[in-house]
Amino acid sequence: MNDTKVCFITCVNNDHEYSESLKYINSLYIPDGFTVETIGVKDASSMTEGYQAAMMQSDAKYKVYLHQDIFIINKNFIKDIITLFSNNAKLGLLGVVGAEKMSVNGIWWESPRLYGKFYDSHTGKMERFSFNEAESDYMAVQTIDGLIMVTQYDINWRTDLFQGWHFYDASQSAEFIRAGYEVGVPTQQEPWVIHDSDIASLVGFEEAKAIYMEEYTKDIFPLVSVLIPAYNRRNYLELALQSVLAQTYKNIEIIISDDSTNNEVQEMLKPYLQNYKHIHYIKNEPSLGRENFIQCFKLSNGEYINFLMDDDLFHPRKIERMIHYYMSDSSIALVTSYRELIDESGHPLPSQDFNTKLFDKDTIIDGKELGNLVLSTMTNFIGEPTTVLFKKKDIQFYGTYKDTDHEYNAIIDVAVWIELLAKGKGVYISEPLSYFRRHNDQVQGNPLYYYFHISNWYNIFQDARRDGFLSNPKDYKNALAKYINSCINVINFYNNVDKSYVIIENNLENYIVQALKDLISLPNK
């Protein structure tokens, strides 16, 4: 390898454009002791094939892969790239524009944080595009645009995967990172290049994107654990599982912890376990009951967690849409969405008070504000376990509120949401991204559920207040008034159902007395 040689490599199908590009290359300042060569590859079947052939042909240490319509206007370009590479042995690949993180939809320019600058005419007029600037001599990014790509090491182009003209750049970025190098965008006082382009052809783009996402998802996107506590619902579970397998976001592990009293779920899953290595199945002997949720949580390996109740469904883009917000804003602690109600057959049901759409468009909301709305109305607008995506590290003990002694058997989801919202903002996506099935076998049909449900709410008030929720006396008064009224309604329910629930009624009366004491002790303002 010749350490004092720079090779400029271009795939050419327009001699006029290439000759213009060469004029700019030939006008660059060449540092003492260095030589320059140019290779124009004609009749290449793909960008990867053309670049690979030229890479093998040249012994230059430094290679510049550029489009035929790129004009390098930084006269000190060669000196600048050699200096960068000489000072940073780990830096393997440079580009003038790129994304700190690849967007979850695989389109780099839709990433929330772009770096670099350049001139471009793809809109029909020449414009200066300028994004974030690196704080040092370059910014390490996940992918760069292929209009110009500069290397100091040779890594094979993926000719086996990309036979067209798209995603060769994102792929090569990922290959350098796989090899242990950094991909960077340099600091530019002024743009280094002009891209005198027409509107790009998108023929083959979607096919190449699908190949890229399949190959590199695990490299570039965080692992999401989808946790399914299963119980005697073979047919519903299969539909739920299929909704996870249909996700557009691919870096997912699926953990099914089976509490069933028979082997029907286990038998149904056998072909899935053979065909999908990212599905992990556990049969519980004996059954764990509520502890099944905790076991799922402990078994998960993902950075992010999304429960899926075995009778619910995911929208195909659920994880993709939700993970986007976490990649855009580090202060996000919870992402939820509108959830649609469906019946036993999957047909839509009318909305009810608890799943009223909070916003008509996607909205980021302060965590305390969203938590207070839930607490003061005693209504879980955020959703059931199926609805929310969250970071595993943000929850200490699944099933309780932090390290308190209170267990939340009936509102375990609310306790988790409040704990999360104490840490940061919430996101509400207005599109229905999950489907909550209503049917006769659900635990809400058990009369005892109403007692545990109402008693849990009083405890969550106390735990949440220690974290700054319901700090406004008016909010807490509203919550207590709602709570007392709910207790009375539950007592009336038990009186109408079965007089034998007298012990439960006495317990609820004690809760009412305590809530009244709290209410009286609050200031009158």
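Scope of the values below: all heavy atoms of this structure, side chains included, with no hydrogens, waters or symmetry mates. None of the values given here were measured: they were computed from a predicted structure.
- No side-chain donor-acceptor contact under 3.5 Å links Asn292 and Tyr231.
- Atoms NZ and NZ, from Lys393 and Lys423 in turn, are 8.5 Å apart once rounded to the nearest 0.5 Å.
- Side-chain atoms of Gln266 and Asp258 include no donor-acceptor pair closer than 3.5 Å.
- By the 4.5 Å heavy-atom criterion applied to side chains, Lys117 and Phe131 are not counted as neighbours.
- With contacts defined as side-chain heavy-atom distances shorter than 4.5 Å, the pair Ile144/Val97 does not qualify.
- Annotation for Phe469 and Gly371: closest pair CE2-CA, 3.8 Å, computed over non-hydrogen atoms.
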Let's go through Ser351 and Tyr338 carefully: what are the C-alpha distance in whole Å and the side-chain angles of both, what is the deciding distance for side-chain hydrogen bond (donor to acceptor under 3.5 Å, both in side chains) to 0.1 Å, and is it a yes or a no? CA-CA 10 Å; Ser351 294; Tyr338 175 69; 2.6 Å; yes
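- A side-chain donor-acceptor contact under 3.5 Å links Ser257 and Asn284.
- Between the CD1 atom of Ile484 and the CD1 atom of Ile512 there is a distance of 7.0 Å, given to the nearest 0.5 Å.
- Proximity of a side-chain donor or acceptor of Glu369 to a complementary backbone N or O of Ile365 within less than 3.5 Å is not detected.
- Within the 4.5 Å cutoff, the side chain of Asp362 has no heavy atoms near those of the Val427 side chain.
- Sparse packing is recorded around CD of Glu214, with 12 or fewer heavy atoms of other residues, nucleotides or ligands lying under 6.0 Å away.
- Minimum heavy-atom separation, Ile454 to Ser486: CD1-CB, 3.3 Å.
- Here OG of Ser103 is found 10.0 Å from CH2 of Trp109. Values are rounded to the nearest 0.5 Å.
- Residues Glu303 and Val224 are not in side-chain contact: their nearest non-hydrogen atoms beyond the backbone lie 4.5 Å or more apart.
- Using cut-offs of 30° and 60° on the angle between ring planes, the pair Phe129 and Phe118 is parallel.
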Worked check of side-chain hydrogen bond (donor to acceptor under 3.5 Å, both in side chains) between Tyr236 and Glu344: CA-CA 9 Å; Tyr236 284 154; Glu344 295 92 335; 5.7 Å; no
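- In this model, no donor atom of one side chain and acceptor atom of the other lie less than 3.5 Å apart for Tyr398 and Glu419.
- Looking only at side-chain heavy atoms (C-beta outward), Gln172 and Ile155 come within less than 4.5 Å of each other.
- Scanning both residues, Ile382 and Thr387, for their nearest heavy atoms gives O-CG2, 3.6 Å.
- Under the 4.0 Å criterion applied to side-chain N and carboxylate O atoms, Glu215 and Arg158 are assigned as salt-bridge partners.
- Below 30°, between 30° and 60°, or above 60°: for His315 and Tyr435 the angle between ring planes is below 30°, a parallel geometry.
- Closest approach of Met378 to Ala479, counting heavy atoms only: SD-O, 4.3 Å.
- One finds the CD1 atom of Ile254 at 10.0 Å from the CG atom of Leu269 (value rounded to the nearest 0.5 Å).
- The residues Asp366 and Lys425 are annotated as not salt-bridged, no charged nitrogen and carboxylate oxygen being separated by less than 4.0 angstrom.
- Heavy-atom neighbours of Asp160 CG from other residues, nucleotides or ligands within 6.0 Å: above the threshold of 12.
- Nearest heavy-atom pair across Thr379 and Asp353 is CG2-O, 4.3 Å.
- Between His278 and Tyr276, the ring-plane angle classifies as perpendicular under the 30° and 60° cut-offs.
- The neighbour count for Lys209 NZ, taken as heavy atoms of other residues, nucleotides or ligands under 6.0 Å away, is above 12.
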Carefully, step by step, assess Met322 and Arg317 under the rule side-chain contact (heavy atoms from CB on, under 4.5 Å). CA-CA 8 Å; Met322 290 188 165; Arg317 293 188 64 209; over 6 Å; no
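- Defined by atom type and a distance below 3.5 Å, a donor-acceptor pair is present between the side-chain atoms of Glu253 and Asn301.
- In the model, Asn232 has no side-chain atom that pairs as donor or acceptor with a side-chain atom of Glu264 under 3.5 Å.
- Cation-pi geometry between Lys392 and Tyr304 is not met: the NZ or CZ atom fails to fall both under 6.0 Å from the ring centre and inside 45° of the normal.
- Inspection of the Asn262 and Ser260 side chains reveals no N or O donor paired with an N or O acceptor under 3.5 Å.
- In the model, Asn478 has no side-chain atom that pairs as donor or acceptor with a side-chain atom of Ser376 under 3.5 Å.
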Passes side-chain contact (heavy atoms from CB on, under 4.5 Å), Asn132 versus Met139? Steps please. CA-CA 10 Å; Asn132 293 291; Met139 176 66 189; over 6 Å; no
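- Using the six-membered ring where Trp is involved, Phe359 and Tyr428 have ring planes that are perpendicular, over 60° apart on the 30 and 60° scheme.
- Aromatic ring pairs are classed by plane angle as parallel below 30°, tilted from 30° to 60° and perpendicular above 60°; the pair Phe307 and Phe390 is parallel.
- For the residue pair Tyr138 and Glu182, a side-chain donor N or O sits within less than 3.5 Å of a side-chain acceptor on the partner.
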Show the numbers, then the answer: is there a ring pair (Phe, Tyr, Trp, His ring centres under 6.0 Å) between Trp157 and Tyr65? CA-CA 12 Å; Trp157 296 79; Tyr65 303 88; 5.0 Å; yes
Between Tyr181 and Leu91, does a side-chain contact (heavy atoms from CB on, under 4.5 Å) hold up when you go through it step by step? CA-CA 6 Å; Tyr181 298 114; Leu91 179 60; over 6 Å; no
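- Rounding to the nearest 0.5 Å gives a distance of 8.0 Å between CG of Asp219 and OH of Tyr212.
- Between Asp311 and Arg437 no salt bridge is recorded (no basic side-chain N to carboxylate O distance below 4.0 Å).
- A salt bridge is defined here as a Lys NZ or Arg NE, NH1 or NH2 lying under 4.0 Å from an Asp or Glu carboxylate O, and Glu100 with Arg113 meets this definition.
- Side-chain atoms of Arg339 and Glu384, non-hydrogen and from C-beta on, do get closer than 4.5 Å to each other.
- Residue Asp413 holds its CG atom at 7.5 Å from CD1 of Ile411, rounded to the nearest 0.5 Å.
- Side-chain atoms of Tyr249 and Thr217 form no donor-acceptor pair, as typed in the model, at a separation below 3.5 Å.
- Between Ile256 and Ile282 there is no side-chain heavy-atom pair separated by less than 4.5 Å.
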Could you give me the CA-CA distance, side-chain angles and deciding distance for Ile279 and Leu245, then say whether side-chain contact (heavy atoms from CB on, under 4.5 Å) is met? CA-CA 10 Å; Ile279 302 177; Leu245 295 174; 4.3 Å; yes
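- More than 12 heavy atoms of other shown residues, nucleotides or ligands fall within 6.0 angstrom of atom NZ in Lys357.
- Between Asn355 and Gln352, the closest side-chain pair of non-hydrogen atoms falls below 4.5 Å.
- Residues Asn306 and Lys318 bring a donor and an acceptor atom of their side chains to less than 3.5 Å of each other.
- His166 approaches Ala208 most closely through the heavy-atom pair O-CB, 3.8 Å.
- Taking the six-membered ring where the residue is Trp, the centroids of Tyr168 and Phe162 are separated by 6.0 Å or more.
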With ring pair (Phe, Tyr, Trp, His ring centres under 6.0 Å) as the criterion, how do Phe381 and Phe354 come out once you've worked through the C-alpha distance, each side chain's angles and the decisive distance to 0.1 Å? CA-CA 6 Å; Phe381 296 112; Phe354 68 87; 9.2 Å; no
